[in-house]
Peer 1: 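Okay, handing you the structure first.
Note: hydrogens, waters and symmetry copies are ignored here, and every other heavy atom, side chains too, is used.
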4 protein chains.
Amino acid sequence: MNSGIRTIGVLTSGGDCAGLNAVIRAVTYSAIQTYGWKVYGIMDGSMGLIQRPLQFRELTMGTFGGNYLREGGTFLGTTNKGDPFNFPMPDGTIKDRSEEFAEGCRMLGLDALVVIGGDGSMRILSRLCERAGIGMVGVPKTIDNDVHGTDYAVGFATSINVVTEALDRLQPTAASHHRVMILEVMGRDAGHIAINSGIAGGADVILVPEVPYSLDGVARKIRTVLAQGRSHALVVVAEGVKTESGEPFMISYSGGQQRYGGIGNYLTEKIAQMTGAETRVTILGHVQRGGIPSTRDRLLASAFGVKAVDLVAQKQFGTMVGWQGRSVVAVPLEKVCIGPRSLDPCGTMVGTARGLGIYVGEEICPIEDPAATI
Amino acid sequence: MNSGIRTIGVLTSGGDCAGLNAVIRAVTYSAIQTYGWKVYGIMDGSMGLIQRPLQFRELTMGTFGGNYLREGGTFLGTTNKGDPFNFPMPDGTIKDRSEEFAEGCRMLGLDALVVIGGDGSMRILSRLCERAGIGMVGVPKTIDNDVHGTDYAVGFATSINVVTEALDRLQPTAASHHRVMILEVMGRDAGHIAINSGIAGGADVILVPEVPYSLDGVARKIRTVLAQGRSHALVVVAEGVKTESGEPFMISYSGGQQRYGGIGNYLTEKIAQMTGAETRVTILGHVQRGGIPSTRDRLLASAFGVKAVDLVAQKQFGTMVGWQGRSVVAVPLEKVCIGPRSLDPCGTMVGTARGLGIYVGEEICPIEDPAATI
Amino acid sequence: MNSGIRTIGVLTSGGDCAGLNAVIRAVTYSAIQTYGWKVYGIMDGSMGLIQRPLQFRELTMGTFGGNYLREGGTFLGTTNKGDPFNFPMPDGTIKDRSEEFAEGCRMLGLDALVVIGGDGSMRILSRLCERAGIGMVGVPKTIDNDVHGTDYAVGFATSINVVTEALDRLQPTAASHHRVMILEVMGRDAGHIAINSGIAGGADVILVPEVPYSLDGVARKIRTVLAQGRSHALVVVAEGVKTESGEPFMISYSGGQQRYGGIGNYLTEKIAQMTGAETRVTILGHVQRGGIPSTRDRLLASAFGVKAVDLVAQKQFGTMVGWQGRSVVAVPLEKVCIGPRSLDPCGTMVGTARGLGIYVGEEICPIEDPAATI
Amino acid sequence: MNSGIRTIGVLTSGGDCAGLNAVIRAVTYSAIQTYGWKVYGIMDGSMGLIQRPLQFRELTMGTFGGNYLREGGTFLGTTNKGDPFNFPMPDGTIKDRSEEFAEGCRMLGLDALVVIGGDGSMRILSRLCERAGIGMVGVPKTIDNDVHGTDYAVGFATSINVVTEALDRLQPTAASHHRVMILEVMGRDAGHIAINSGIAGGADVILVPEVPYSLDGVARKIRTVLAQGRSHALVVVAEGVKTESGEPFMISYSGGQQRYGGIGNYLTEKIAQMTGAETRVTILGHVQRGGIPSTRDRLLASAFGVKAVDLVAQKQFGTMVGWQGRSVVAVPLEKVCIGPRSLDPCGTMVGTARGLGIYVGEEICPIEDPAATI
């Protein structure tokens, strides 16, 4: 199969997560062993091609010791410095740096680029690659699992493991002290982490941005649990959930840092007031980004990396690899880059939670089919 | 919704695995909270209904403390004493005990039975329930993941976590001592555990029952790895793999116990002879059955338990719940009970392994589409 | 050996941690099997003996399934309602409830009480037992490891595992994003958790209440790390650390809840300002209380429980069991209840940290012997 | 402090375990940052100095990324090719290669060598260093924890974690199937792994080489457990345990590999015969060598590495670092190299096991003081 491809680049873009190194490894192993290509790892997302000197390293079979597969984060680095088409320069001006990117691709002789990122990154990189005249194939990664076109994105499985483990640790202390523990987890727009880890970790209440809730509903569930003789309860809430009346929590900036966390404290106070229970809040933070990738994230990463290289070889550009059912598939980017995929409030996971008696906010679905799709 | 159902039973049948307690909990929670039914847990598979006195316990919201969700195995017990239609009695005779089963169902007033088991168990229990004149809904469980009609069975995810972790432990000792480590894993007929954990754990060679191999192929891969400068290698092999010439390993019985394990030792000797490498074998054994269920197995178990109860309420009997894509679905038992689902030698997982350069036996697929389905 | 002992009680007091159930199990197993005593588990610390009706359960060999050993927290419950000698009543008055406690002991016919608690709990319970005219033996537990007379208290080992694991998760995200991650951990007065997990987790800076620090010292270390080519750093700080100038952080009460957490945010801002690095804070919270007890905590708990029962049999009351070197020993309570044991700023752990180049605050020890005792 | 030391070597010798990389890192960090020395890592134990060309690499602050601390095994490699004073050459002859070693030390300009090994390795390396005219300091490592002069050797803590986790996995499957599970663990001469993991993992029977046992005693305990209503039991046995009558199991060699494992199968058959219980054996094998080092092994490794460098600086040669109580100390090699440290059959751990009702073989201790030292 002579695809004309000789040299490819691979980069990671956006927030880090578990399994990125496993994707890079799979891309490299397959590109070299199956196709005989040269592979460049681009440092710090698109910045490695924009900066001068170029920031990159050639990836070979020898690059990867026995352990890259098992390590969290991305050894290529990743940054969130901004959209290269509208790049905020240190002097405060906005600059289009897409030509620098294109020139960088030419300097390295790239024929194609494998972009490991979320839907936002893939959209921008797709335009940059177009500008550079090279093909692009995307690999979805995000702990939020909110990318269209794939059942799972790399990083999600490890993230919900971390949150579930936190609930496994909070449950005994809740039980010992007869407390209601509130756990605030990541998820600014989507409740996938909250609903999955909440079910797996035995939560009694799970609040997500996609489903409206009432404090009365929350308090009623807590009271029911306590009345049934269990003296403790667990509440999981996504950071993006608003007040009962729909007001977002203040977002303060400090040291350049966006702060969330209001909802956890809000619920902790409200539940104490409404139920008389002793409450405590935990805001899990950055540990949710992962560390050692789970078995599943390594599998997904490996399948994605191999498939992405196959797509490059077949010149199926403008696509993202995805996992559907038991197979890895190719999905056109235009079906992916349509904004984040929300949790279906009438889907399998919310339906499962309701079936277990978990309070997941007000019922807003037609009754007929409580559990159909995620 | 008046289904006429008032009382259901739930039992676990066949080999234990992680997540069974989570299914039982979900069945109970949903049956009681959503439908107001009475739930009986049947002890030791079908034996609890066959023995006199009946072996069972009523399951209530109070049965499940904070931790059943998190515990391995099945607190109802499970046995492999034999097919009730052809039951081997202590005196050596064979007896049809199906009427005892049916009578047991009547004594408890069961309207339906939720059976958590593999495809063999579901087939037999389906006939027993027919005999008893009650409906049955199945929930697939098996560490081997070889049940048709579902992407995943309960227990598989935890099992491949255990094996992958074992590879994470073997890799450093292999590297430190410049050894080839051979890991023999469960899988008498199917290579799902081997291929999934092998990819996730960074194996160089993965042998499965579904794909023929040559010792030359194995040795060539090992030599290539060593020649590339990595002084160690990892081999994963399913217990059901035969000799190069296709002879099965002796199955000896000792203390009533079936013994496998021949292939691991066989490869250990052969690889040492053919490559000169220092080799060591590990036969992982019963730890693969699990322990604490993984996040994913708890999710699957919870969704399955809720859906099974919904199917009972809808009188969709003769079905199994399954996971397909992002949804829990109902599958007719006749599409499930057609023998074990093998690993597709031309599917995504084998294709991924080949793409990574792993030796997975001889190439037996049409070239055009190396990666399509699992 | 006829000790005259027939009936003992066992209770857990103060904050929960991992390994408490394992102590209760060991006490029960040994009291019943070795000595043939009756054992009562007292609910919710001393409250189970103060409240009417009495809150307790008899503990037998059958109480403990296969899993209590493995579960976090305490199934007997624990509370912090206040000192029974000066008990804050709901009506706002203070009441001496020691006689109710003594009467409770008499009602159960207790000959002795095994108290699993911190040094404060043991001191108070010792006086209560004196009042009741029964013997007491203490078992030290606290995640802070600040009890005199024992190398380790139950719960500490699990707690530093949790924190170290958090650092294992934060390191890859710090590296991927070129950030300085600040982790605030438990420790109001003592830095044992911070120093142990900080060393084990590869921290570059560890701040503890026992050693004064300067922001200049912190910033200098961060700059050195960045200058050496590592683009990220990890900082661990105990919640009890004050501002550089020694001011404690505001403690606000909300819903009856004491809040710490100021130091983490303080450092995050200061380090960003002084080094220009991107910084992020994580406040680990209640997950540090544990969950599944570590191997070491189970061992400690088992040895302590058995020894405590032996001490009761030998009527060595007014003692605490302790671990010293390789042995479990008896320590007089008067040597234990002398306030918390601080981290020795000139001991082995701080010395080890300095030897590794970690910034642990200003050097305040004589130079001669940098590493002698913990 | 002018010690005259300028260049040191560090090597790992004997079987690998978890925490070796953490020692190497601590030695390097301290030697460079505290003393300004040059550090050479010697490959494959003493072989790196014996072979020509020399096998070594200079270790710098940049050698260690964020993860070496967290990785199992030794990146320097280790071998068991034989005693350099009596080295088995490929041609079958025996050769004294000590002068080659000494010459290697001179070629690298080593002033001292830090040897990370067991007591056997330290003894031989001590003589080799004497021959080379350089100082040696030892760091104890062995999963067996059988080195005199230290409470713990590097690697032991991780190893017993692995075995305890295996018991956590075997318990639910034993309970689900009403089986007796036999787990054979490492320990040819010493029962430290078996007794520690057996207690932590809830075993009912623990057999170690240091205590004689009877099959009757084993069977009696199993029957008692079953009679008490628990339908399963766990048995842990060290590989070095002999038959009831004291005969060692055959040691067969296959592919250059020493095989143990007889005792596990022996007990499995005998217990089935004597109790009628269904039994299963698991032989854990090489996974016991570790993988990711536990928090405790990282702490021990860090303290040992720093102290070893301090001892070199103080020219306290012929010593080993050790952990005693809460401190790291220096121990003269002559007190260490006196053969393996056995488990004290009358010490704390065996006493704890007996107190819990575990069968640990026949009682061979004076009754007075059942629990004094490990």
Side-chain angles (χ1 to χ4, degrees), chain C residues 25-26 29-30 32-34 61-62 65-67 69-70 151 157 160-161 163-165 168 171-172 174-175 196-197 199-202 228-230 232 234 292 294-296 298-299 302-303 305-307 309-310 324-328 347-349 351-357 370-374, chain D residues 25-26 29-30 32-34 61-62 65-67 69-70 151 157 160-161 163-165 168 171-172 174-175 196-197 199-202 228-230 232 234 292 294-296 298-299 302-303 305-307 309-310 324-328 347-349 351-357 370-374:
Chain C
R25 173 183 178 269
Y29 275 21
S30 182
I32 293 175
Q33 296 183 115
T34 307
M61 294 303 291
N67 279 321
L69 174 66
R70 305 170 218 276
D151 296 350
I160 61 172
N161 282 357
V163 180
T164 301
E165 189 183 287
D168 288 353
Q171 189 272 334
N196 279 276
S197 58
I199 291 173
Q228 283 172 343
R230 178 149 57 84
H232 67 283
L234 298 175
I292 296 178
S294 76
T295 299
R296 182 152 194 83
R298 297 189 210 173
L299 285 169
S302 300
V306 168
K307 180 72 172 183
V309 168
D310 286 344
Q324 292 181 5
R326 291 182 198 157
S327 303
V328 59
T348 285
M349 296 319 298
T352 295
R354 290 198 196 284
L356 292 165
T373 55
I374 289 177
Chain D
R25 172 181 177 270
Y29 275 21
S30 181
I32 293 176
Q33 294 182 115
T34 308
M61 294 302 291
N67 279 322
L69 174 66
R70 305 170 217 275
D151 296 349
I160 61 172
N161 282 356
V163 180
T164 302
E165 189 183 288
D168 289 354
Q171 189 273 335
N196 280 277
S197 58
I199 292 173
Q228 284 172 343
R230 177 148 57 83
H232 68 282
L234 298 176
I292 297 179
S294 75
T295 299
R296 184 154 192 81
R298 297 190 211 172
L299 284 169
S302 299
V306 167
K307 180 73 172 182
V309 167
D310 287 343
Q324 292 182 6
R326 291 185 198 153
S327 303
V328 59
T348 284
M349 295 320 296
T352 295
R354 291 200 196 280
L356 292 165
T373 55
I374 290 179

Peer 1: Ignoring hydrogens, what is the shortest heavy-atom contact between C/Gly201 and D/Leu69? Give both atom names and the distance.
Peer 2: C-CD2, 3.8 Å

Peer 1: Based on non-hydrogen pairs under 4.5 Å, which of D/Asn161, D/Ile292, D/Ile32 is most in contact with chain C?
Peer 2: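 Among the listed options, the one with the most contacts to chain C is D/Asn161.
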
Peer 1: Could I get the full list of side-chain contact (heavy atoms from CB on, under 4.5 Å) partners for C/Ala175, not counting sequence neighbours?
Peer 2: C/Gln171, C/His232

Peer 1: So, the side chain of D/Gln33 versus the backbone of C/Leu356: is there a donor-acceptor pair under 3.5 Å, distance only?
Peer 2: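 Side chain of D/Gln33 to backbone of C/Leu356, a donor-acceptor pair under 3.5 Å: yes, one is there.
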
Peer 1: Can you tell me which portion of D/Gln228 sits under 4.5 Å from chain C's heavy atoms? Options are side chain, backbone, both or neither.
Peer 2: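 Side chain only.
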
Peer 1: Contact part of C/Leu234 toward chain D, heavy-atom cut-off under 4.5 Å: side chain, backbone, both or neither?
Peer 2: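 The answer is the side chain of C/Leu234.
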
Peer 1: Using side-chain contact (heavy atoms from CB on, under 4.5 Å) as the criterion, point out the one residue from C/Thr352, C/Ile199, C/Thr164, C/Thr348 that pairs with D/Leu299.
Peer 2: C/Ile199

Peer 1: What is the distance from atom CG of D/Asn196 to atom OG1 of C/Thr295, rounded to the nearest 0.5 Å?
Peer 2: 9.0 Å

Peer 1: Could you tell me which residues satisfy side-chain contact (heavy atoms from CB on, under 4.5 Å) with D/Ala157, sequence neighbours excluded, listed by chain and number?
Peer 2: D/Ser294, D/Arg296, D/Asp297

Peer 1: In terms of heavy-atom pairs under 4.5 Å with chain C, which of D/Thr34, D/Asp168, D/Ile160 leads?
Peer 2: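 Winner by heavy-atom pair count: D/Asp168.
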
